[in-house]
Amino acid sequence: MITDRRFMLSKKDIEELATGAVKRYFNTCNLVSPQIQENDKTPDWDGELNLYENKKDTRWRN
């Protein structure tokens with residue numbers, strides 16, 4: 001375990017890494033659109049997942 005303070009991440013860094021991982025994971029599926037905010041002050045959750053019934057990727061339509 002690393003205990004050197006030079007290598008410790010801040011809470012903001014940890015949140016950004018975690019929300020980024022969730023976004024990357026769900027962006028691989030055409031049925032889910034992650035709406036995840038970073039650095040917000042909501043104590044319970046950082047966003048939502050929009051679920052689609054069809055395999056249409058409506059996120060990229062003009």
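Counting begins at 1 with the first residue of the sequence. The model shown is predicted, which means the values in this text are computed figures rather than measured ones.
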Just how far is it from atom [atom1] of [X] to atom [atom2] of [Y], taken to the nearest 0.5 Å?
X     : Y     : atom1 : atom2 : result
Asn54 : Asn30 : CG    : CG    : 11.0 Å
Asn50 : Phe26 : CG    : CZ    : 12.0 Å
Met8  : Ile14 : CE    : CD1   : 8.0 Å

Margin query: Tell me every residue that passes salt bridge (charged side-chain N to carboxylate O under 4.0 Å, His left out) with Glu48, counting only those two or more places apart in sequence or in another chain.
Written below: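 Not a single residue meets the salt bridge (charged side-chain N to carboxylate O under 4.0 Å, His left out) criterion with Glu48.
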Item checked: Least distance between heavy atoms, Glu38 atom then Gly20 atom ->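 Answer, listing the atom of Glu38 first, then Gly20: OE2-N, 4.2 Å.
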Notebook entry, point to check: Who pairs with Lys11 by side chain to side chain donor-acceptor pair (under 3.5 Å), at least two apart in sequence or on another chain?
Noted result: none
